[in-house]
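One structure, pasted below without further comment.
Throughout, a chain's letter reflects where its sequence line sits, starting with A, and its residues are numbered from 1.
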2 protein chains.
Amino acid sequence: MDSVNMKKPKPAPAYHHGNLRAGLIEAALALLDEAGVEAVTIRAVARRAGVTHAAPANHFRDRKALLTALATGIFAKLAGRIAAKLAAARGGRAARLQVFADAVTGFALAHPHRYRLLWRRDSLDDGDAGLQQAMDAIYDRLVAELSEDGASSVSADSRAVALWSMVHGYVALRLDGNFVALRDARTRAPRQAAIVTALIEGIGGEAKAKRKR
Amino acid sequence: MDSVNMKKPKPAPAYHHGNLRAGLIEAALALLDEAGVEAVTIRAVARRAGVTHAAPANHFRDRKALLTALATGIFAKLAGRIAAKLAAARGGRAARLQVFADAVTGFALAHPHRYRLLWRRDSLDDGDAGLQQAMDAIYDRLVAELSEDGASSVSADSRAVALWSMVHGYVALRLDGNFVALRDARTRAPRQAAIVTALIEGIGGEAKAKRKR
DNA sequence: CCCCTAAATTGACGCCGTCAATATACGGCC
DNA sequence: GGCCGTATATTGACGGCGTCAATTTAGGGG
């Protein structure tokens, strides 16, 4: 047994020209789910992956790059889930819009830290092409759902922005604890569905301007 | 602050039994506007206020407490602006809802870092009574605007949540750079107004009004 | 087989938040 | 005025962070 020039006897899962990048993403995701984006530090991720604190630098320029890669993957997963649910959806447009809203809300409530990361622009490389593309995919899907005609006086584009804004805003406020899960007092539907209904039907303007609908 | 009998010296610009607390808030606000919440560190605030790094500890337990005080003041200012604009507003309910949305959007775009801080729950003392109260004031104002009847099938509460969610979501997405300022293709109104119109009028469900459920 | 290069380690630097010990200045009280 | 208690501010330290530079290690191509 040589003492001086000794090799690491580690059975090592063989990083080093292996899969450290994937291992880091995995560790980062675990930390994110457990304790939020604040806990996803380069050093903590490295510890969890079993490497030293500077090893990640070979795979991610800095912390923002790591979080951006993480967020891009999360966006892709969310987009995939939305697409799958819409593909399986039955019913007319109102029902499809509800499906869209449900998909986003469900994902966000199931993985709050992941959803929050998606919008933590100060922690992400804005301008990252992959990230931008992953985000656009979701919005484009929504515009497609709304592109055909419409009973509103505003354009399909604005209607898409309205729905996407409302869903995102509702989720953001829910995650921040400003709303709790409730049912609508009239329709008994979950509030999350009721507000989509409100957008589809309209909340009414002047009392005199009631419209048949 | 809570001694049995206390006097208001009200004197010199000199700190030390003066107005350091206010000075720290002022310095923090300046840093916030200049470089975002990340830049509002205890030490940077102390430097800007001309004291040493540990002086703020006498006035704020920790960084969260400082940011919470900052956010509470910002919330109060926003609520005041909303109330003022609504008080001066003419027109029916649709117009008033637009005023509300304009007030929030205008504030957020004018002071993006301030608006963002309001929702950085991980940086704030959630559960802080003053903060919660300042937030509720805005929501309550909105519910009041919507409380009387309505042409929608959903309750006033859900309609308030819908509008507040949409406005907040739109602003959040705008601040994140996901939308740019545009005009609606049909109405030529700024998109920010168009989406409120969309909510008031409804975006339409099935092409032929088919009410089920 | 050797060597080149990518990957990982070690160590350092200056930030940060926070705590403990110390110094300072104000206001009440004699 | 002079003392003193106490609120306030300073000094210094600690560990954790991101990041950089220098070094060591491993693995594949010539």
Q. Can you check the B/Leu20 CG to C/dT24 P distance for me, whole Å?
A.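 In whole Å, C/dT24 P and B/Leu20 CG are 18 Å from each other.
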
Q | Any donor-acceptor N or O pair under 3.5 Å, side chains A/Ser158, B/Arg191 | A |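 Result is yes, a qualifying pair exists.
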
(Q) Salt bridge check, A/Glu26 against A/Arg21: does any charged N sit closer than 4.0 Å to a carboxylate O? (A)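 Here A/Arg21 does not pair with A/Glu26 in a salt bridge, since their nearest N and O are not under 4.0 Å apart.
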
(Q) Let's test your reading of the model: under 3.5 Å, does the base of C/dA8 pair with the side chain of A/Asn58 as donor and acceptor? (A)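 Side chain to base: pair present.
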
(Q) Could you tell me how far apart B/Asn19 (CG) and D/dA7 (P) are, to the nearest whole angstrom? (A)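 Result: 19 Å.
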
**Q.** Salt bridge A/Arg120-A/Glu38, side-chain N to carboxylate O under 4.0 Å
**A.**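 Salt bridge present between A/Arg120 and A/Glu38.
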
Between the protein and nucleotides 15-19 of chain C, which nitrogen or oxygen pairs come in under 3.5 angstrom?
from: C/dC16; atom 1: OP1; to: B/Thr41; atom 2: OG1; distance (Å): 3.4
from: C/dC16; atom 1: OP1; to: B/Arg47; atom 2: NH2; distance (Å): 3.2
from: C/dC16; atom 1: OP2; to: B/Arg47; atom 2: NH1; distance (Å): 3.3
from: C/dG17; atom 1: OP1; to: B/Ile42; atom 2: N; distance (Å): 2.9
from: C/dG17; atom 1: OP2; to: B/Ile42; atom 2: N; distance (Å): 3.2
from: C/dG17; atom 1: OP2; to: B/Arg43; atom 2: N; distance (Å): 3.2
from: C/dG17; atom 1: N7; to: B/Arg43; atom 2: NH1; distance (Å): 2.5
from: C/dG17; atom 1: O6; to: B/Arg43; atom 2: NH1; distance (Å): 3.0
from: C/dT18; atom 1: OP2; to: B/Arg63; atom 2: N; distance (Å): 3.1
from: C/dT18; atom 1: O4; to: B/Arg43; atom 2: NH1; distance (Å): 3.2

Q | Flag for A/Thr72-A/Gln133: side-chain donor and acceptor within less than 3.5 Å | A |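 Result is no, nothing qualifies.
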
Just list the side-chain donor-acceptor pairs under 3.5 Å for residues 107-117 of chain B, sequence neighbours left out, or say none.
from: B/Arg114; atom 1: NE; to: B/Asp33; atom 2: OD1; distance (Å): 2.9
from: B/Arg114; atom 1: NE; to: B/Asp33; atom 2: OD2; distance (Å): 3.2
from: B/Arg114; atom 1: NH2; to: B/Asp33; atom 2: OD2; distance (Å): 2.6
from: B/Tyr115; atom 1: OH; to: B/His168; atom 2: ND1; distance (Å): 2.7
from: B/Arg116; atom 1: NH1; to: B/Leu175; atom 2: O; distance (Å): 3.1

(Q) What I want to find out is whether A/Asp126 reaches A/Lys64 closely enough, with some N-O distance under 4.0 Å, to be called a salt bridge. (A)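 Between A/Lys64 and A/Asp126 there is no salt bridge, as every charged N stays at least 4.0 Å from the carboxylate O atoms.
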
Q: Taking only the side-chain heavy atoms of A/Thr52 (C-beta and beyond), determine which of D/dA9, D/dT10, C/dA8 contains the nearest atom.
A: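 Closest nucleotide among those given: C/dA8.
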
